[in-house]
Amino acid sequence: MQSYKLDPADIEKVWAGIALHTTPGIPEFMHPVIALTTAGVEVDVLGLTYERYSDAVREAVVAAFPRTAAFKEDIIQAFYEGIKHKPETTFGNVKADVIADKEPHFHRGNFCSVIRCSHWHG
């Protein structure tokens, strides 16, 4: 088995791409690896820019990286399985929608309430 030495700068780019891929409007102005990570997630999971790619290109990608027959529901369930035990981490991000979809009585945090309940006057 061949071993590879990764450049710490490359590791940081990949980490930033993963960390920022749910932050619209920022990754596209960063290093291409970070921007590409976001663009890939956006087309793969959300279908954004789907129409920019020909049927042949989309079919080639799916042939190389097959999707489950129920990919949309499967990925929502996978997101849920990853966060259901830590709902507080969904504050301010799209995963709150996932928990709300799976748990009808879920009460998400509200950014405006946090501001209003601050100890500061005014």
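Note that the numbering runs from 1 along the sequence shown for the chain. Basis for what follows: all heavy atoms, side chains included, without hydrogens, waters or symmetry-related copies.
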So which heavy atom on T90 is nearest to which on P87, and how close?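 Heavy atoms only, the tightest pair is OG1-O, 2.7 Å.
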Is a side-chain N or O of R108 found less than 3.5 angstrom from the main chain of A100, in a donor-acceptor match?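 Judged by distance alone, no pair lies under 3.5 Å.
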Quick one: does any side-chain atom of N93 pair with a main-chain N or O of T89 as donor and acceptor, under 3.5 Å?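 Here the side-chain-to-backbone pair exists.
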Enclosure of H85 NE2 (heavy-atom neighbours >12, cutoff 6.0 Å):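 Atom NE2 in H85 is packed in, count exceeds 12.
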Side chain to side chain donor-acceptor pair (under 3.5 Å) contacts in which one or both residues fall within residues 37-49, not counting sequence neighbours: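 Pairs touching residues 37-49 that pass the test: D44-R67.
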For residues 22-35, which residue pairs qualify under side chain to side chain donor-acceptor pair (under 3.5 Å), counting only residues two or more places apart or in two chains?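 Of all non-adjacent pairs touching residues 22-35, none passes side chain to side chain donor-acceptor pair (under 3.5 Å).
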Side-chain donor/acceptor pairs under 3.5 Å, residues 4-21, sequence neighbours excluded:
unit_1: Y4; atom_1: OH; unit_2: Q2; atom_2: OE1; d: 3.4
unit_1: D7; atom_1: OD1; unit_2: A9; atom_2: N; d: 2.8
unit_1: D10; atom_1: OD1; unit_2: K13; atom_2: NZ; d: 3.4
unit_1: H21; atom_1: ND1; unit_2: I18; atom_2: O; d: 2.6

Name all pairs fulfilling the salt bridge (Lys or Arg N to Asp or Glu O under 4.0 Å) condition that reach into residues 74-88, sequence neighbours left out, sorted by first residue then second.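 Counting only pairs at least two positions apart or across chains, the salt bridge (Lys or Arg N to Asp or Glu O under 4.0 Å) contacts touching residues 74-88 are E81-K84.
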Residues that, via side-chain heavy atoms closer than 4.5 angstrom, fall in one hydrophobic cluster with I83: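 Its cluster mates, by chain and number, are V41, V45, L46, L48, F71, I75, I76, F79, Y80, V98, I99, F106.
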Residues which pass salt bridge (Lys or Arg N to Asp or Glu O under 4.0 Å) with K102, listed by chain and number, not counting sequence neighbours: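 Result, salt bridge (Lys or Arg N to Asp or Glu O under 4.0 Å) vs K102: none returned.
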Shared ILVMFWY cluster between F91 and I115, side chains joined below 4.5 angstrom?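 Both belong to a single hydrophobic cluster.
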